[in-house]
Amino acid sequence: MMVYVAAETRYETMKYNRVGRSGLKLPAISLGLWHNFGGINSLENGRNMITRAFDLGITHFDLANNYGPPAGSAEQLFGQVLAQDLKPYRDELIISTKAGYYMWPGPYGEWGSRKYLISSLNQSLTRMGLDYVDIFYSHRYDPDTPLEETMMALDHMVRSGKALYVGISNYPAEQTRQAAEILKSLGTPLLIHQPRYSMLDRWIEDGLQDVLDEYGAGSIAFCPLEQGVLTNKYLNGIPEDSRAKGPSVFLNENNISPETLRKVRALNQIAASRGQSLAQFALAWVLRNGRVTSALIGASRPSQIEENVAALSQLEFSTEELERIESILRPESTNKNKD
């Protein structure tokens, strides 16, 4: 097997954004290993995607304990690529993982207890062959565990050297405020929030972004392409080989209504007028006003990563373009403004 040597040009075109008020910067596009990096997938394809991403300046790789399938296997695959190819570059990488969703049977295998989170991080480090991760996330808010317990577990990870920074994912705005306040009092600030965010899912604009600004935390948006809905894949309807037609629990035909397809086709016309693919356009929009630190992409082949990173060559939007986009995404509010 060829020995991997990283491209010397890897930092020449990538854009790096400061994470809130911290000292850390993340690439504007990060690679998530949610799908296509599990034990059921090709190690060689996974390796090619990870090394191609790094060659393009993507330094941040996002995992979770349950990514696969089977659960845990994405971390194992990443650990293999790390040992084989990326070990010399460890200090150039930001590696994140999470715990919160179901991982193993019994009462300590999910949610937000100190017992689960610390056990899970130890397992993740073993699977990836690491001494520490750069960012560890509480993957979801646990209504049955005191938030102090969950945040004290995160603080402990930093103090024990097993995580450099901590974040939260999928937390509503009010719980985010409480978590940030607790972490601040412990002396381990909240680095980052990982919410779902795209043109078709804008919940973070209703308060969460203001909380993050207030506490100096960054954000990294997952599903910025709505699992492929904001790409050219569905412009002509739902293809037979698409995830929406398959058994995926995350995306099915009901998610892609005629109204959604109408919006997607109208957005694609604006993208084309900018010389961008729909995916590039959707990523640029998520990053548009500097409030999102990084857009987290998935991929099934290296060419998709190349296409997505090319979005960074055109991130500016005119006022007219933004107004047209709003009129497509929220026709009701645009019409009200005209009354």
Side-chain angles (χ1 to χ4, degrees), residues 7-20 25-32 49 52-62 94 192 194-202 204-205 209 218-236 260-331 334:
E8 289 184 7
T9 56
R10 62 189 176 278
Y11 294 115
E12 289 179 7
T13 53
M14 177 53 70
K15 184 174 189 288
Y16 297 91
N17 296 322
R18 187 168 295 282
V19 188
K25 292 183 176 182
L26 289 183
I29 303 286
S30 298
L31 183 63
M49 288 193 282
R52 184 65 186 129
F54 186 52
D55 284 344
L56 291 167
I58 293 178
T59 51
H60 177 32
F61 298 90
D62 181 76
I94 301 294
I192 194 165
Q194 185 174 133
R196 186 176 184 127
Y197 181 52
S198 74
M199 286 178 147
L200 301 177
D201 187 351
R202 298 171 64 176
I204 72 170
E205 295 173 14
Q209 287 187 313
S219 60
I220 177 167
F222 76 86
C223 290
L225 304 180
E226 280 297 316
Q227 303 213 62
V229 177
L230 288 167
T231 69
N232 60 11
K233 186 181 286 185
Y234 298 102
L235 290 173
N236 301 310
T260 299
L261 285 177
R262 185 192 64 73
K263 287 180 180 179
V264 167
R265 288 173 183 138
L267 292 168
N268 187 53
Q269 291 182 327
I270 307 178
S273 71
R274 288 165 54 88
Q276 286 182 308
S277 69
L278 180 57
Q280 291 167 340
F281 172 72
L283 291 169
W285 183 87
V286 160
L287 295 165
R288 71 196 177 283
N289 54 18
R291 294 187 89 181
V292 170
T293 314
S294 184
L296 188 58
I297 62 164
S300 57
R301 54 186 181 276
S303 59
Q304 290 174 329
I305 301 171
E306 293 164 2
E307 179 195 340
N308 289 338
V309 169
L312 302 179
S313 62
Q314 183 150 349
L315 292 176
E316 301 303 316
F317 288 86
S318 68
T319 308
E320 183 197 10
E321 283 175 327
L322 289 172
E323 286 172 357
R324 276 181 68 197
I325 292 165
E326 282 302 308
S327 71
I328 294 165
L329 295 178
R330 293 181 169 168
T334 317

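Numbering starts at 1 and runs along the sequence shown. The structure presented is a predicted model; accordingly, all values stated were derived computationally and were not measured.
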Does the H60 side chain pair with the main chain of P27, one donor and one acceptor, at a distance under 3.5 Å? no

Around atom CZ of R291, are there more than 12 heavy atoms from other residues, nucleotides or ligands closer than 6.0 Å? yes

Interatomic distance, CG@L26 vs CE@M14, rounded to 0.5 Å, equals 11.0 Å

Electrostatic pair E226-K233, nearest N-O below 4.0 angstrom: no

Are the side chains of D62 and L31 in touch, meaning some heavy atoms are under 4.5 Å apart? no

*Is N17 reaching over with its side chain to a backbone N or O of T293, donor-acceptor style, under 3.5 angstrom?*
yes

Quiz item: Got L312 and T13 here, is their nearest side-chain heavy-atom distance under 4.5 Å?
Solution: no

Is any side-chain heavy atom of V292 closer than 4.5 Å to a side-chain heavy atom of Q209?
yes

Nearest heavy-atom approach of N308 to I29 is O-CD1, 4.1 Å

Interatomic distance, OG@S30 vs CD1@I297, rounded to 0.5 Å, equals 8.5 Å

How far apart are the C-alpha atoms of S198 and L230, what are their side-chain angles, what is the distance that settles it, and do they pass the side chain to side chain contact (heavy atoms under 4.5 Å, CB included) test? CA-CA 9 Å; S198 74; L230 288 167; 4.1 Å; yes

Nearest heavy-atom approach of Q276 to A311 is NE2-O, 3.7 Å

- Task: Please tell me if the side chains of L322 and R288 come closer than 4.5 Å, counting only heavy atoms from C-beta onward.
- Result: yes

Minimal heavy-atom distance between V286 and A221, with the atoms involved, is CG1-CB, 3.9 Å

d(E205 CD, Y197 OH) to nearest 0.5 Å is 3.5 Å

* Asked: Would a distance-only check, ignoring hydrogens and angles, find a side-chain to backbone donor-acceptor pair under 3.5 Å from Q280 to E307?
  -> yes

Rounded to the nearest 0.5 Å, the CD1 atom of I270 sits from the CZ atom of F281 at a distance of 4.5 Å

Heavy-atom nearest pair, S277 first then A271, reads O-CB, 3.9 Å

Residues Y234 and V229: closest non-hydrogen pair is CD1-CA, 3.6 Å

| message | Taking F317's backbone N and O only, do any of them form a donor-acceptor pair with E321's side chain (distance below 3.5 Å, no angle check)? | response | no

* Would you say the side chain of L329 lies within less than 4.5 Å of the side chain of R202, judging by non-hydrogen atoms? -> yes

Close side-chain approach of F61 to I94, heavy-atom, < 4.5 Å
no

| field | N236 atom CG, over 12 foreign heavy atoms within 6.0 Å | value | no

Determine the interplanar angle of the Y11 and Y16 rings, folded into 0 to 90°, and report it as parallel if under 30°, tilted if 30 to 60°, perpendicular if over 60°. tilted

Taken to the nearest 0.5 Å, the spacing of Q269 CD from L278 CG works out to 11.0 Å

So CG of N268 and NZ of K263: to nearest 0.5 Å the spacing works out to 16.0 Å

What one should report as the nearest heavy-atom pair of R274 and A284 is NH2-CB, 4.3 Å

